[in-house]
Protein chains: 2
Amino acid sequence: MTPKTDLRETITEVSCNLFMEQGYASTSIKQIADAAGCTTAALYYYYEDGKEAILHKVIEQCVPDMMGMLATLEGASSLYELVMRLGDAMRTEGPELLRRLRWLMIELPNMGEAERAMLHNRKLEFMDRLTDLIEPFVDGRQQAEMLAWVNFCALFGYGQTFISMDLRSYRDVPDTEFVEMLATMTATTYGK
Amino acid sequence: MTPKTDLRETITEVSCNLFMEQGYASTSIKQIADAAGCTTAALYYYYEDGKEAILHKVIEQCVPDMMGMLATLEGASSLYELVMRLGDAMRTEGPELLRRLRWLMIELPNMGEAERAMLHNRKLEFMDRLTDLIEPFVDGRQQAEMLAWVNFCALFGYGQTFISMDLRSYRDVPDTEFVEMLATMTATTYGK
DNA sequence: GTCTATACCCCGATAGAC
DNA sequence: GTCTATCGGGGTATAGAC
């Protein structure tokens, strides 16, 4: 029963949680050690470079698989259905995914050039793929690209607003209605 | 010439800048004192409760006047024009406004219940007012409310994406085209 | 009002025992 | 591999001179 995981794994896991809750700067290695059930000295056995090394490991593991989310969009039969499926995916994987994106954005200043570039690439890949999926249903790639941005930004903005401002009112604006409206607007105006 | 402002004002001003750039947790009172041209002891003359007191003062002053932004929307003659004006307002006041909103969202965990409630109220007031402005052009208040959310979230998501991910590519997706598409979608589908 | 000087604590990090 | 013990440094905060 006891999840006798490696201490190394435990450290990254609890660090991930603490960093996301409090931010990197406000989390002390003492806190991490306590949460992991060891002393600070033990941390340095697994992460020679200390706190910062843990951060980079957490960042690496924290990057969400946004491509996987797009897989469910394949085979949509209309633009309306495509946007609805995107909304569904956001609702399903959204809370965790948006939490991660949000944290990564907050910690950007603590990242190195390489990490920033990696995230930037992931973003572009995601938008490219989403554009691919939209293109068959509209007039030209440029239109598809803009639609990808508008839809992504709307869903992203929706998620950030509620995740950030206060989780309790996540349902003030019903998510199904939000997505339906977005899908209707998109399909009515640009669907062919 | 020399802006011989009160030291008290200087302190809140430089604190605001430092907090927004580095975050509250990563800013030391020594940094604040240096930037304000005084010693840390002087800070405690104006803010007995130290760093945290400065934070609360900065939060208070930092809350953006979102209602003012909506004033420019009055008198719009169509739904399309209304959304375009909203986009214009976002582009004009947007960078500074989104920067503030973003910071406030990040520092939410450091706020008291009262501050959180105040921000929540401001948000609701803003959405209510935006709904008022949209209502004359659509079918019923419920539709207006949802449209307010979709449009706000899209513009907010757009701004957050570029402010956060990297400012340099703010123009990867041209902002005028983004707003035009949003306005077109909104007006075509729901304008009456 | 502002400074100097200082207290005290917690932080990140390491050496060396086990 | 993990702990105990400890160090140096920077952090917040304050007492008292001016």
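Proteins come first, then strands; the chains are lettered A, B, ... in the order of their sequence lines, and each starts at number 1.
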Task: Rounded distance in Å - NZ (Lys51(B)) to C1' (dG10(D)) - done: 12 Å
Open item on the list: Measure CG/Asn110(A) against C1'/dG12(C) and give the value in whole Å, please.
Closed with: 15 Å
Task: Ile32(B) CD1 to dG11(D) P, straight-line distance once rounded to whole Å - done: 11 Å
Open item on the list: From OH of Tyr46(B) over to C1' of dT12(D), roughly how many Å is that when rounded to an integer?
Closed with: 20 Å
- [ ] Check whether any side-chain nitrogen or oxygen of Tyr44(A) sits under 4.0 Å from OP1 or OP2 of dA13(C), and answer yes or no.
- [x] yes
TODO: On DNA chain C, check which nucleotide each of Gln31(A) and Glu48(A) is closest to and give me the residue with the more 5' one.
DONE: Gln31(A)
Open item on the list: Quiz question: by atom type and distance under 3.5 Å, do the side chains of Gln31(B) and Thr27(B) form a donor-acceptor pair?
Closed with: no
TODO: Would you kindly give the CD1-to-P distance between Ile29(A) and dA13(C), to the nearest whole Å?
DONE: 6 Å
Open item on the list: So if I take every side-chain heavy atom of Ala42(A) and compare against dC11(C), dC3(C), dT2(D), which nucleotide ends up nearest?
Closed with: dT2(D)
Task: Any Met118(A) side-chain heavy atom under 4.5 Å of Val63(A) side chain - done: yes
Task: Residue Ala41(A), side-chain atoms from C-beta onward, closest of dA15(C), dT4(C), dT2(C) - done: dA15(C)
Open item on the list: How long is the straight-line distance from CD of Glu13(A) back to CG of Asp6(A), given to the nearest 0.5 Å?
Closed with: 11.0 Å
TODO: Can you tell me the distance, in whole Å, between the CG atom of Leu43(B) and the C1' atom of dT2(C)?
DONE: 11 Å
- [ ] Would you please confirm or rule out a distance under 4.0 Å between OP1 or OP2 of dT2(D) and any side-chain N or O of Thr39(A)?
- [x] no
Open item on the list: For the backbone of Leu108(A) and the side chain of Arg116(A), can you confirm whether one donor and one acceptor N or O come within less than 3.5 Å of each other?
Closed with: yes
Open item on the list: Can you tell me if Lys30(A) touches the phosphate of dC11(C), counting only side-chain N or O atoms and a distance under 4.0 Å to OP1 or OP2?
Closed with: no
TODO: Quick one: label Ser26(B) by what it contacts on the DNA or RNA (base, sugar-phosphate, nothing), any heavy atom closer than 4.0 Å.
DONE: nothing
Open item on the list: How many whole angstroms separate atom CD1 of Ile54(B) from atom P of dT12(D)?
Closed with: 10 Å
Open item on the list: Rounding to an integer number of Å, can you tell me how far Tyr45(A) OH sits from dA17(C) C1'?
Closed with: 16 Å
Open item on the list: Counting neighbours of CD on Glu96(B) that are heavy atoms of other residues, nucleotides or ligands and sit closer than 6.0 Å, is the number greater than 12?
Closed with: yes
